[in-house]
Q: 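Encoded as structure tokens, here's the structure I'll be asking about.
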Amino acid sequence: MPGNTLYIVVPCYNEEEVLPETARRLGDKLRALMAAGKIGPRSRVLFVNDGSKDKTWEIIERLHREDGLMCGVDLTRNRGHQNALLAGLMTAKDRADMVISMDADLQDDVDAADAMVDKYLDGVDIVYGVRSSRKKDTFFKRTTAEGFYRMMDLLGAETVFNHADYRLMSKRALEGLAQFTEVNLFLRGIVPMIGYRTDTVEYERGERFAGESKYPLKKMLAFALEGVTSLSVRPLRMITGLGFLVFLISLIMILYNVVRWATGNTVAGWASLACSVWFIGGLILLSLGVIGEYLGKLYLESKDRPRFLIREVLDGETDQKDS
Ligand code: UDP
Ligand code: MG
């Protein structure tokens, strides 16, 4: 029988509007699961404050004072969703037997946690929360998000379709994750690489409870680029393919020109010449850009900088710092 202490990890960036409600619902959920005997008494909710500019940390401190189930980790600055999540997961790993990660805005159905815990108790190590529909998302969010998964697939970054970062991981799966030391972090792509028994739980994704999305289009595009370039080298290979294709075309063009010249038909068109100069120029710049992307990644990885720094841990036991 595996241990059954559950931690729910929630990254928070400027979430003062939703936090009290999120804490209330997660607290109720933990208590209900404890009462049902599915999780142990040391289970907690762990909020990670990702360098918020509003009162998020003050609220977490207050929640911790009022309710022993609520814990917090304060990062030294904003490091982005993925790093904040990792900080929470790594902090929870040493204290819990299973960890569920969830957004602060209650878009992930809290009730799906029951099914996740059940699967864990059946021996599953990673349970992915998969969105059954996006009816409540705006048309724009839905099409861009689904386009995101398709593009990721096309570019060779394998992810679980319609799965965000709502998932349960066992202690040993987290220990596996800890061994992936990459700085360019894209958890959705790395978690499937861990292995073990996995399963999915479907849930309906609701609207943001309050406040606005911390993922505007600009961040989403950056996230997609990050995902592709940290998971797959297919774009580099595509460039090779493209280069090969252009080379073939140029061979045909040479042949064609020679034939034209031999038949005395050499009224060379300026337009086609100009076009090809632009085309080749664009192609070279694009290719250089892609190579630059990977080179940049390599540069950052080689520095081996810490992915997050913890200012303070509120868990009623220790105050420890790590990275
Ligand atoms: N988040 C974070 N750091 C950031 C941006 C976002 O920790 O720099 C958290 C945020 O508080 C939320 C989660 O990541 O809990 C997902 O963000 P959001 O709900 O804004 O994204 P969306 O659901 O719109 O994609
Ligand atoms: Mg959200």
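This is a predicted model, so every value here is computed, not measured. Atoms within each ligand, like the ligands themselves, are counted from 1 in listed order.
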Q: Does Asp315 come within less than 4.0 Å of Arg44, counting only side-chain N to carboxylate O?
A: no

Q: State, to the nearest 10 degrees, the angle whose vertex is the Mg ion (ligand 2) and whose arms point to OD2 of Asp105 and OE1 of Gln107.
A: 100°

Q: What's the shortest distance from atom 24 (O) of ligand 1 to any protein heavy atom, and which residue and atom give it?
A: Ser213 OG, 2.5 Å

Q: Give the residue and atom name of whichever protein heavy atom lies nearest to atom 1 (N) of ligand 1, and the separation in Å to one decimal.
A: Tyr13 CB, 3.7 Å

Q: Determine, for Asp109 against Arg131, whether the closest basic-nitrogen to carboxylate-oxygen distance falls under 4.0 angstrom.
A: no

Q: Could you tell me whether Glu21 and Arg25 have a side-chain N and a carboxylate O separated by less than 4.0 Å?
A: yes

Q: Could you walk me through whether Leu63 and Phe47 pass the side-chain contact (heavy atoms from CB on, under 4.5 Å) check?
A: CA-CA 10 Å; Leu63 290 167; Phe47 293 104; 4.2 Å; yes

Q: For atom 15 (O) of ligand 1, which candidate among Pro11, Ala84, Ser52 provides the closest heavy atom?
A: Pro11

Q: Considering only heavy atoms, does Ala104 approach ligand 1 within less than 4.0 Å through its side chain, its backbone, both, or neither?
A: both

Q: Within a strict 4.5 Å, meaning less than it, do heavy atoms of the Arg188 and Asp165 side chains meet?
A: yes

Q: Return the closest protein heavy atom for atom 10 (C) of ligand 1 as residue, atom name and distance.
A: Glu15 OE2, 3.2 Å

Q: Return the closest protein heavy atom for atom 18 (P) of ligand 1 as residue, atom name and distance.
A: Arg208 NH2, 3.4 Å

Q: Take Met98 and Val117, measure what side-chain contact (heavy atoms from CB on, under 4.5 Å) needs, and give me the verdict at the end.
A: CA-CA 8 Å; Met98 56 183 135; Val117 171; 4.3 Å; yes

Q: In plain terms, say whether Asp50 and Arg79 are close enough for a salt bridge, that is, a side-chain N and a carboxylate O under 4.0 Å apart.
A: no

Q: Which residue and atom name correspond to the protein heavy atom nearest atom 25 (O) of ligand 1, and how close is it?
A: Lys141 NZ, 3.2 Å

Q: Classify the contact between Asn78 and ligand 1 as side chain, backbone, both or neither, using a heavy-atom distance cut-off of under 4.0 Å.
A: side chain

Q: Is the Phe223 to Phe186 ring centre distance short of 6.0 Å?
A: yes

Q: If you measure from each non-hydrogen atom of Asp103 to ligand 1, which part falls under 4.0 Å: side chain, backbone, both or neither?
A: both

Q: Considering only the protein, which heavy-atom contact is closest to atom 3 (N) of ligand 1, and what is its distance?
A: Asp50 OD2, 2.6 Å

Q: Any idea which part of Gln107 is under 4.0 Å from ligand 1, heavy-atom wise: side chain, backbone, both or neither?
A: side chain

Q: Starting from atom 21 (O) of ligand 1, what is the nearest protein heavy atom, named by residue and atom, and what distance separates them?
A: Tyr215 CD1, 3.2 Å

Q: Identify the protein heavy atom lying closest to atom 20 (O) of ligand 1, giving its residue, its atom name and the separation to 0.1 Å.
A: Lys214 N, 2.4 Å

Q: Ring pair (Phe, Tyr, Trp, His ring centres under 6.0 Å) between Tyr203 and Tyr166: does it pass, once the steps are laid out?
A: CA-CA 10 Å; Tyr203 70 98; Tyr166 187 23; 5.1 Å; yes

